[in-house]
Amino acid sequence: MDNKKVVTRFPPSPTGYLHIGGARTALFNWLFARKHKGKFILRIEDTDQARSSEEATNAILESLRWLGLDWDEGPYFQSRRYHIYREYLEKLLASGKAYYCHCTPQELEERRKQAMAKGLKPKYDGKCRNLGLGPAPHAVVRLKAPQTGKTSFNDLVKGPISFNNEELDDLVLWRSDGNPTYHLAVVVDDITMGLTHIIRGDDHVNNTPRQIMIYQALGEPLPYYAHVPMILGPDRTRLSKRHGATSVLAYRDMGYLPQAVLNALARLGWSYGDQEKFSIDELIEKFSLEHVGKSPGIFNAEKLLDLNAQYIRESDTGYLTRTVIPFLEKRGLKNLDETKVARAVETLKIRSKTLDEMAEGSLFYFQDEISYEEKADRKFLKPNILGLMEEILERLEKTEVFSQKSLEKVFLDFIEEKQIKLGKIAQPLRVALTGKSASPGLFEVMEILGKEKVLERIRKALTHIARKT
RNA sequence: GGUCCCAUCGUCUAGCGGUCUAGGAUACCGGCCUCUCACGCCGGAGACACGGGUUCGAUUCCCGUUGGGACUGCCA
């Protein structure tokens with residue numbers, strides 16, 4: 001097995017969107033496969049007909065694509081592979097490793113209760129185990145599991161794990177409705193697809209001995225197991241919808257960059273010394289199961305936000321421009337001039353934590369009319385500034401070249417003459433031009449807005465202030 | 001309840017017996033820079049759950065306690 005090509009998989013069940021935890025499992029499998037030049041398979045586990053949906057499948061595929069986690073094979077759908085599971089089931093039946101069980105769910109429920117009442121384990125009591133029953137309308141097929149001894153495996157992240165077989169019971173392999181159960185389908189798929197490494201959430205640790213028993217009953221070699229700790233919500237319970245934004249697509253829609261999400265996910269549970277930032281290539285190069293931690297972690301949304309801000313700061317302006325445009329359009333802006341968007345992006349890169357924030361912060365560049373933030377209006381657009389503003393308007397009217405450099409000169413000369421601080425005039429002007437008290441640098445704003453727009457907005461502010469007197 | 005897993009700053013984590021008066025990141029608090037907001041820089045506060053061993057020496061190894069999580073389905 002050691003010299004065999006590595007094969008990993010991501011097997012979501014399409015019962016909902018892809019959440020952070022699932023995405024991390026997918027990422028680890030993907031990284032491990034890429035690192036070892038192996039194969040990464042996508043498999044949709046839709047044996048639960050009632051809960052599976054096509055929308056969920058599509059959302060999962062879209063999430064993986066957005067993250068850039070490409071698969072080499074699949075997506076396979078378990079619902080289309082029943083003949084294979086059936087074939088393996090027959091093998092087990094033929095070899096006496098599995099048997100038909102005629103107990104009804106109600107009977108089982110009853111006996112489970114009784115066992116609990118007596119303080120015994122609520123497991124299947126093995127009633128039909130040696131009855132030699134055949135198929136029947138509501139029969140299920142169970143694995144004839146070993147009842148003594150131990151089932152052990154060496155987990156690649158947790159180390160040796162062992163279970164007493166007395167703890168386990170004869171699990172159902174085939175349901176009375178004619179469908180395979182999860183355990184059978186998983187094991188048969190993993191065998192037939194040639195899986196070498198099973199990297200999954202540690203909520204599966206307890207399932208592992210059952211699955212190992214199926215491998216053994218089938219006489220198949222075991223894969224390596226690596227159980228990654230769960231991701232918890234802030235209340236330390238398993239991450240779920242209750243914890244707010246947990247879906248990958250939600251982060252996309254909030255204006256996160258896929259690299260930032262990937263980076264954050266990788267660092268949740270895995271580490272490489274003190275390094276915090278990794279490019280995809282670096283992740284592939286440096287990822288290893290040995291450095292995956294054993295303890296569960298809480299998803300740190302603040303840190304992701306900061307990482308996102310860093311990636312935005314460092315991203316190529318052209319790329320940011322293309323990705324921010326949908327966020328501007330979402331705000332009703334049409335026919336955007338890409339060159340102008342790029343210039344706006346250039347000024348907002350270092351002050352935006354998300355693309356959504358960037359879009360919000362750049363609205364004033366594109367709107368015909370801006371509105372003043374109430375507080376900013378009250379604080380800076382006061383009558384006492386009228387004089388200075390009129391004077392600077394005059395100078396700007398006379399300024400031919402509206403470049404940052406020349407504008408800066410105009411202002412420096414102006415404050416020198418007037419013996420005032422730049423802030424004195426800069427803040428009121430900022431509000432006049434952007435509507436806000438915080439914005440990119442005044443001169444870059446003016447350059448991008450252009451002379452015409454700048455003059456227009458200053459004049460508008462002047463009438464606005466005049467009305468207050 | 002039973003089984004299994006886990007336990008370093010609020011959070012993510014480094015640490016694989018002495019290098020630890022425990023390092024980084026984030027968030028928080030000061031300061032500097034400055035036309036605002038950011039960025040950047042400097043500084044601050046903040047953790048080895050507890051109790052036994054093993055050892056010359058434990059954050060690191062073993063056991064127990066406590067705490068947390070997962071599983072306990074004809075769901076995956």
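Only a predicted model underlies this, so the values are computations on that prediction, with no experimental measurement involved. Protein chains get the first letters and strands the later ones, always in sequence-line order, with residue 1 at the start of each.
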Could I get the full list of side chain to side chain donor-acceptor pair (under 3.5 Å) partners for A/Lys349, not counting sequence neighbours?
-> A/Thr317
Does A/Lys453 make a cation-pi contact with A/Phe364 (under 6.0 Å, within 45 degrees of the axis)?
-> no
Whom does B/rG1 pair with, Watson-Crick or G-U wobble, provided both distances fall under 3.5 Å?
-> B/rU72
Reckon A/Arg313 has a side-chain N or O less than 4.0 Å from the OP1 or OP2 of B/rG40?
-> yes
Is there a Watson-Crick or G-U wobble partner for B/rC37 with both distances under 3.5 Å, and which nucleotide is it?
-> none
Spacing of A/Asp169 atom CG relative to B/rC74 atom P, expressed in whole Å = 8 Å
Please list, chain by chain and in numerical order, all residues satisfying side chain to side chain contact (heavy atoms under 4.5 Å, CB included) with A/Ile298, sequence neighbours excluded.
-> A/Leu232, A/Arg236
Do the side-chain N or O atoms of A/Arg236 get closer than 4.0 angstrom to the phosphate oxygens (OP1, OP2) of B/rU11?
-> yes
Sequence neighbours excluded, which residues qualify as side chain to side chain donor-acceptor pair (under 3.5 Å) partners of A/Glu374?
-> A/Arg378
All side chain to side chain donor-acceptor pair (under 3.5 Å) counterparts of A/Tyr182, not counting sequence neighbours = A/His204
Distance under 6.0 Å and angle within 45° of ring axis: A/Arg142 vs A/Tyr124 = yes
From CZ of A/Arg9 across to C1' of B/rA76 the rounded distance in Å is 11 Å
Do A/Ser176 side-chain and B/rC74 base share a donor-acceptor contact under 3.5 Å?
-> yes
Taken in chain and number order and not counting sequence neighbours, the residues that satisfy side chain to side chain contact (heavy atoms under 4.5 Å, CB included) with A/Pro75 are A/Leu42, A/Ile44, A/Leu61, A/Trp71, A/Phe77
Set out, line by line, the N/O atom pairs under 3.5 Å between protein and nucleotides 4-9 of chain B.
unit_1, atom_1, unit_2, atom_2, d
B/rC5, O2', A/Lys158, NZ, 2.5

Atom pair distance, as rounded to whole Å: CG in A/Asp170 and C1' in B/rC74 = 14 Å
Mind checking what makes side chain to side chain donor-acceptor pair (under 3.5 Å) contact with A/Asn263, not counting sequence neighbours?
-> A/Tyr311
When rounded to the nearest Å, what value does the distance between C1' atoms of B/rC9 and B/rC29 take?
-> 15 Å
Inspect the contact between A/Glu447 and A/Arg343 and indicate whether a charged nitrogen and a carboxylate oxygen are less than 4.0 angstrom apart.
-> yes
If a protein heavy atom is under 4.0 Å from the base, mark B; if only from the sugar-phosphate, S; if neither, -; do that for nucleotides 21-37 of chain B going 5' to 3'.
-> --BBBSS-------BBB
B/rU72 P sits how many Å from A/Tyr182 OH, rounded?
-> 11 Å
B/rA76 and B/rG67: how far apart are their P atoms, nearest whole angstrom?
-> 34 Å
Which residues share a side chain to side chain contact (heavy atoms under 4.5 Å, CB included) with A/Ala359, sequence neighbours left out | A/Val324, A/Phe327, A/Leu328, A/Arg331
Length of the CD-C1' vector between A/Glu314 and B/rG40, whole Å = 13 Å
What distance, rounded to whole Å, do you find between the two P atoms, one in B/rG24 and one in B/rG46?
-> 14 Å
Closest-nucleotide 5' rank along RNA chain B - winner of A/Gly269 and A/Ile350 = A/Gly269
Sequence-distant partners of A/Lys286, side chain to side chain contact (heavy atoms under 4.5 Å, CB included), two or more places apart | A/Trp270, A/Tyr272, A/Gln275, A/Phe278, A/Glu282
In residues 42-49 of chain A, what residues come within less than 4.0 Å of RNA chain B, judged by heavy atoms?
-> A/Glu45, A/Thr47, A/Asp48
Send over the distance from A/Lys349 NZ to B/rG40 P, rounded to a whole Å.
-> 14 Å
How far, in whole Å, is B/rG44 from B/rA27 if one measures between their C1' atoms?
-> 14 Å
Between A/Val172 and A/Gly293, which has a closest nucleotide on RNA chain B that is more 5'?
-> A/Gly293
Expressed as a whole number of Å, how far does the C1' atom of B/rG23 sit from that of B/rU66?
-> 29 Å
C1' atom, B/rC33 versus B/rG15: distance in rounded Å?
-> 36 Å
All salt bridge (Lys or Arg N to Asp or Glu O under 4.0 Å) counterparts of A/Asp46, not counting sequence neighbours = none
